[in-house]
Amino acid sequence: MAASTSTLNVPSLNPKLSSSLSISSPAQFSISSLSLRAAHGRGSRRFVVLATGGLDAKPTVLVAEKLGAAGLDLLKEFANVDCSYNLSPEELNTKISLCDALIVRSGTKVSREVFESSGGRLKVVGRAGVGIDNVDLAAATEHGCLVVNAPTANTVAAAEHGIALLAAMARNVAQADASVKAGKWLRNKYVGVSLVGKTLAVMGFGKVGTEVARRAKGLGMHVIAHDPYAPADRARAIGVELVTFDEAIATADFISLHMPLTPTTSKMLNDETFGKMKKGVRIVNVARGGVIDEEALVRALDSGIVAQAALDVFTKEPPSPESKLVQHENVIVTPHLGASTVEAQEGVAIEIAEAVVGALKGELASTAVNAPMVPAEVLSELKPYVILAEKLGRLAVQLVTGGSGVKSVKVTYASARAPDDLDTRVLRAMITKGIIEPISSVFVNLVNADFTAKQRGVRITEERILLDGSPEAPLDSIQVQIANVESKFASAISDTGEIRVEGRVKDGVPHLTRVGSFEVDVSLEGSIILCRQVDQPGMIGKVGSILGQENVNVSFMSVGRIAPRKQAVMAIGVDDQPSKESLQRIGEIPAVEEIVFLKL
Ligand SMILES: NC(=O)C1=CN([C@@H]2O[C@H](COP(=O)(O)OP(=O)(O)OC[C@H]3O[C@@H](n4cnc5c(N)ncnc54)[C@H](O)[C@@H]3O)[C@@H](O)[C@H]2O)C=CC1
Ligand SMILES: O=C(O)C(=O)COP(=O)(O)O
């Protein structure tokens, strides 16, 4: 065996987070094992597992903003659906404690208070659209609440609205319409500008930006784009040149904004950047109001740097009717209509309903926003190891003497796979779940595992042992060690002083294969009794008959010994929980030196 090791520290999900965690047991869900069903095919999308287990009762989904009928029908097949629109923040906070999922659009602020008020019941927030800037993602993660969005169904609608605003702005459609309706006929006042041959800078070359670029090229515009993360070949493929931010804004006749609102993009267009633009530039914003410093835009419009602006989105929605920006004669506005086509709303509703229902079932969520993305095929391959990982965590922590405090956990994966060919994030999350859930009321899942470990001061390090041999199976064994603690089962302490348990997957079933320095072999189903004894004939019979008298079914027994007639550890798999008296009677067998019952 060639051993090479590397240590990975658990990364923080968000180093800026401080705050307290207030999760109580989930009201309606029993979270037991991971459910890893294949998701409906979505090309090359990546997937994430939310949580686990079956539902004890029909979940409740609160739909807080208008959602297309097809999506509502899908939700109703699986859940109780409460459509309550225009809730005040207080009303939302009150209602949320009775809900397992919440669906919103851009008009509802899903704040930290919402997660705190949910009492741990809220498992999924579905954003029926793209932008998730109205959801407090850090708070969602801390509370183990998955956030999913519907990222594809409104792309074309948003792009078409961007083009509609571009053309309407260039030809003064809105102002001219209002003036004709007011009885005027001002043909000279509303002379516009042409689009053909003009340079359009698409800022944010993602899904919407790309569709806008495609359409603008069809209108004969010269299209450039700025996006620090977009691949140049995707831009080249449709004849668009990727340029720097400064180059884009300095050369553009028209600028169309399509980036998300993030701390980096907030007020990206401001006094300084307006100052670098070509005089008379025209701006379209169907992204988010916050990417423009709105007061600076008013100044730029007044000074003529910006000739016109067409805005679908605002920093505060709805904006004040007295807003100088909204009332500016060179500005046209729409009330956040980018995604509002019949087709897009039906599509978004179906996309989000499928995502929310899937996530509530513990299936793979393809559009998770706040959890590690793990490909479906990787998850399905790791499935038995995921179960093994959680059970090893549960076993290891139950071996710790109460009050010892678990601070340092080392996980060792032995595998013939190259290190970057083995994604251990799900395994680490499940070990964390196994370790933390039995000793707290915190519900741990893939969303909050790293955060919860960090918050509780549990440092989990991972180590790889690279084995020779076939990398066909992802793993040979997983070992969990807890350092600097005392054990209620002294034999679980390894020669190096840590509690140590190790397991493998055999024929698809997780097995416990080592406790401390003793090799055992017991399948990790039901529960386990571990006894240390002096190896001698008749022990299995004695223990078996005590359990038999109480009708406790033994599924498996295995003895690991140092040498014949020396100390041995017997691992007994049981389907039912033996009584205290039976465990005491086993402990009183003269050869038995210590005994512990472990619930899986
Ligand atoms: N008005 C409306 O009703 C709608 C508005 N939207 C908004 O449009 C935005 C874009 O949507 P999609 O294209 O679907 O998202 P997307 O995620 O496909 O594209 C966003 C692009 O912005 C880029 N980006 C990130 N930071 C940037 C920066 N500092 N400078 C330039 N580019 C940057 C990203 O690399 C990405 O390519 C959404 O975040 C949402 O806020 C989307 C749909 C409807
Ligand atoms: O999808 C987005 O990001 C949008 O801005 C659409 O918002 P809406 O769902 O129409 O409130």
Side-chain angles (χ1 to χ4, degrees), residues 45 63-68 71 85-86 103-110 126-135 137 147-166 201-215 224-232 234-235 240 242-249 252 255-270 273 284-292 310-315 317-318 333-349 351-352 367 369:
R45 293 247 211 109
V63 179
E65 287 180 73
K66 191 154 170 30
L67 196 67
Y85 307 147
N86 302 317
I103 296 183
V104 298
R105 290 175 57 185
S106 61
T108 306
K109 213 165 168 36
V110 189
R127 164 43 172 129
V130 186
I132 31 86
D133 43 284
N134 52 324
V135 180
L137 282 185
V147 180
V148 289
N149 69 351
T152 60
N154 68 21
T155 301
V156 166
E160 287 179 349
H161 196 59
I163 295 292
L165 287 178
L166 179 77
V202 171
M203 311 298 280
F205 196 67
K207 294 184 295 296
V208 179
T210 303
E211 292 307 318
V212 165
R214 240 189 260 282
R215 284 159 177 74
I224 55 174
H226 168 70
D227 187 326
Y229 315 107
R234 184 155 57 78
V240 171
L242 280 180
V243 298
T244 63
F245 179 85
D246 280 358
E247 199 179 338
I249 61 168
I255 294 174
S256 194
L257 303 174
H258 301 289
M259 68 283 275
L261 177 61
T262 65
T264 323
T265 62
S266 173
K267 297 193 177 173
M268 250 179 136
L269 300 196
N270 51 42
T273 52
V284 176
N285 188 7
V286 289
R288 282 293 176 271
V291 301
I292 300 181
L311 309 172
D312 183 46
V313 282
F314 304 87
T315 304
E317 293 184 359
V333 290
T334 49
H336 201 146
L337 288 182
S340 295
T341 62
V342 173
E343 296 82 356
Q345 281 313 306
E346 281 303 288
V348 162
E351 199 175 8
I352 203 63
T367 59
V369 176

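Just so you know, ligand 1 is whichever comes first in the structure, and atom 1 is the first atom listed for that ligand.
Protein heavy atom in closest approach to atom 16 (P) of ligand 1: Lys207 NZ, 3.6 Å. The closest protein non-hydrogen atom to atom 31 (C) of ligand 1 is Pro228 CD, 3.4 Å. Atom 26 (N) of ligand 1 has its closest protein heavy atom at Tyr229 CE1, 3.5 Å. Among protein heavy atoms, the minimum distance from atom 40 (C) of ligand 1 is reached at Arg288 NH1, 3.8 Å. When only non-hydrogen protein atoms are considered, atom 8 (O) of ligand 1 lies nearest to Ala287 CA, 3.9 Å. The closest protein non-hydrogen atom to atom 19 (O) of ligand 1 is Gly206 CA, 3.3 Å. Scanning all protein heavy atoms for the shortest distance to atom 32 (N) of ligand 1 gives Gly204 CA, 3.4 Å. Of the protein's non-hydrogen atoms, Val130 CG1, 3.9 Å is the one closest to atom 38 (C) of ligand 1.
Of the heavy atoms in His258, only backbone atoms (N, CA, C, O) come closer than 4.0 Å to ligand 1. The residue His161 has no part lying near ligand 1, judged by heavy-atom distances below 4.0 Å. With a 4.0 Å cut-off on non-hydrogen atoms, Phe205 touches ligand 1 through its backbone and not its side chain. Contact annotation for Pro260 and ligand 1: heavy atoms of both the backbone and the side chain come within less than 4.0 Å of the ligand.
A donor atom on one side chain and an acceptor atom on the other are not found under 3.5 Å apart for Glu160 and Thr341. No hydrogens or angles considered: a donor-acceptor pair under 3.5 Å links the side chains of Thr334 and His161.
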Task: side chain to side chain contact (heavy atoms under 4.5 Å, CB included) evaluation trace for Met268 with Met259 - done: CA-CA 10 Å; Met268 250 179 136; Met259 68 283 275; 3.5 Å; yes
Task: Criterion side chain to side chain contact (heavy atoms under 4.5 Å, CB included) on Val202 and Ile224, from CA distance to verdict - done: CA-CA 6 Å; Val202 171; Ile224 55 174; over 6 Å; no
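Contact atoms of ligand 1 toward Val286: 1 (N), 2 (C), 4 (C), 5 (C), 6 (N), 7 (C) (distance under 4.0 Å to a heavy atom of the residue). Every atom of ligand 1 is numbered from 1 in the order shown, and the set under 4.0 Å from a heavy atom of Ala158 is 43 (C), 44 (C).
Taking the charged nitrogens against the carboxylate oxygens, Lys207 and Glu211 have no contact shorter than 4.0 Å, which rules out a salt bridge.
Scanning His226, Arg234, His336 for the heavy atom closest to atom 2 (C) of ligand 1 points to His336. In this comparison of Asn154, Ile132, Leu337, Asp227, the heavy atom closest to atom 36 (C) of ligand 1 sits on Asp227.
Ligand 1 has a nitrogen or oxygen under 3.5 angstrom from a nitrogen or oxygen of Val208. Here's the thing with Met203: none of its N/O atoms is less than 3.5 angstrom from an N/O atom of ligand 1.
Within 4.0 Å of ligand 2, contacts by protein heavy atoms are made from Arg105, Ser106, Arg127, Ala128, Gly129, Val130, Gly131, Asn154, Arg288, His336, Ala339.
Thr367 pairs with exactly one of Asn149, Val130, Thr152 by the side chain to side chain contact (heavy atoms under 4.5 Å, CB included) rule, that one being Asn149.
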